[in-house]
Amino acid sequence: MIVSFNRSVPALFGAGASLRTGMKVKELGMKKVFCVHDKGIKDAGIADKIIKNLQAAGLEVVVFDGVIADPPDFMINEAGKIANEQKVDGIVGIGGGSTMDTAKAVNVLLTNPPPISQYYVGLGAEMKPGKPLVLLPTTAGTGSEMTAISVVSNTASNTKNGVIGPAATATLAIVDPELTLGLPPHITASTGMDAFSHAAEALTSEGMNPMSDVLAEKAISLITNNLKKAMKNGSDLTARINMSFAALLAGIAFNDALTHWGHAIAHTIGTHYHIPHGVGCALALPGVIEYVADAVPNKVEQIARAMGLSLSKDLSPEELGREVADAIRGLNREVGIPSLKDFNIEKSSLEQIVGNVLADDCAMFGPKRASANQVLSLLNKAYAY
Ligand SMILES: [Fe+2]
């Protein structure tokens with residue numbers, strides 16, 4: 001097998017790393033910075049701390065604090081317009097996946113004409129590289145700081161679309177686990193399970209490779225051993241460091257190997273029912289693992305090993321899939337991930353979104369194809385578990 005390992009984003013990792021933001025941004029040649037975050041990060045006191053750090057390094061800062069969850073196309077176009085009017089020469093994004101995806105998409109619009117919709121995957125539009133982009137994750141989940149994709153909510157079609165390329169890739173990731181210390185338990189859980197899904201889907205993806213396998217296996221092991229600790233005691237810095245590291249490793253893994261059916265479902269139920277991304281991934285994953293087990297039994301076994309499960313040696317692929325799926329369901333329950341039923345969704349409505357799951361960009365990377373009926377069965381498994 002001949003594989004190519006994609007270039008990984010340079011990262012500065014460790015407790016207190018964010019205090020070097022101003023210095024690092026200056027080293028990258030920026031003078032006037034577009035700082036992207038949301039209101040929650042300001043309320044948590046994180047944005048002001050980083051902005052002061054940038055200003056102390058002599059940088060001019062233009063703030064955009066209007067990030068909306070699951071960033072919609074119109075908000076990105078608006079932020080891009082402001083950034084261009086202000087003639088900024090780089091971007092700093094501080095926040096979770098929505099903020100980092102916004103920062104990436106705005107970077108695309110700094111060097112390419114609007115609107116963002118013309119750069120969606122599959123449309124074939126040419127894209128110039130962006131300006132320097134520094135990302136600081138404040139959750140341990142999305143891994144967006146390490147990936148080459150920005151996920152945008154397409155309000156015309158009610159789908160999520162990817163924008164992929166150098167302009168949608170950070171120049172530097174600054175991963176400071178101290179920024180995650182104040183995350184409430186339910187966000188710690190959903191973002192942590194997003195990272196778990198990145199790793200489990202990367203391991204079982206059609207695009208899997210030996211490098212992504214190693215990274216994903218380590219990420220699953222770290223999350224299994226640290227997620228509950230980080231939820232129980234949010235100030236447990238060791239657990240937070242391990243979770244941030246796991247999210248980073250899983251991010252590199254799925255940037256190469258790509259995610260599949262779990263994310264196709266999470267994207268679809270995210271746009272249709274407004275289910276938070278990490279929750280959507282977590283509730284979809286057990287059924288997906290069960291479904292693909294006969295196609296990639298060795299990989300499902302690898303997930304079991306990474307989770308520390310002791311399974312009998314003579315299991316059939318189907319039995320193995322069920323055991324690992326049940327273990328993930330158990331973890332979901334322990335960290336309080338709700339099922340689709342808990343969101344008061346009509347079960348009968350699931351049939352209407354099957355086509356959107358099949359059309360999602362991630363669906364093509366599953367280790368086996370799925371019919372409309374099989375996708376409906378996966379959705380039903382996520383409905384109540
Ligand atoms: Fe994800």
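Owing to the predicted nature of the structure, the values given are computational and were not obtained by experimental measurement. In listed order, ligands and their atoms are each counted from 1.
Between Lys31 and Glu60 there is no salt bridge, since none of the side-chain N atoms of the basic residue sits less than 4.0 Å from a carboxylate O of the acidic one. Taking the charged nitrogens against the carboxylate oxygens, Lys39 and Asp65 do have a contact shorter than 4.0 Å, which makes a salt bridge.
Within the 4.5 Å cutoff, no side-chain heavy atoms of Pro137 are placed close to those of Thr142.
His277 contributes atom NE2 as its closest N/O/S atom to the Fe ion (ligand 1). Atom OD1 is the N/O/S atom of Asp194 found closest to the Fe ion (ligand 1).
Scanning both residues, Gly280 and Ile269, for their nearest heavy atoms gives CA-CD1, 3.8 Å.
Look at His263 and the Fe ion (ligand 1): an N/O/S atom of the residue is under 2.8 Å from the metal.
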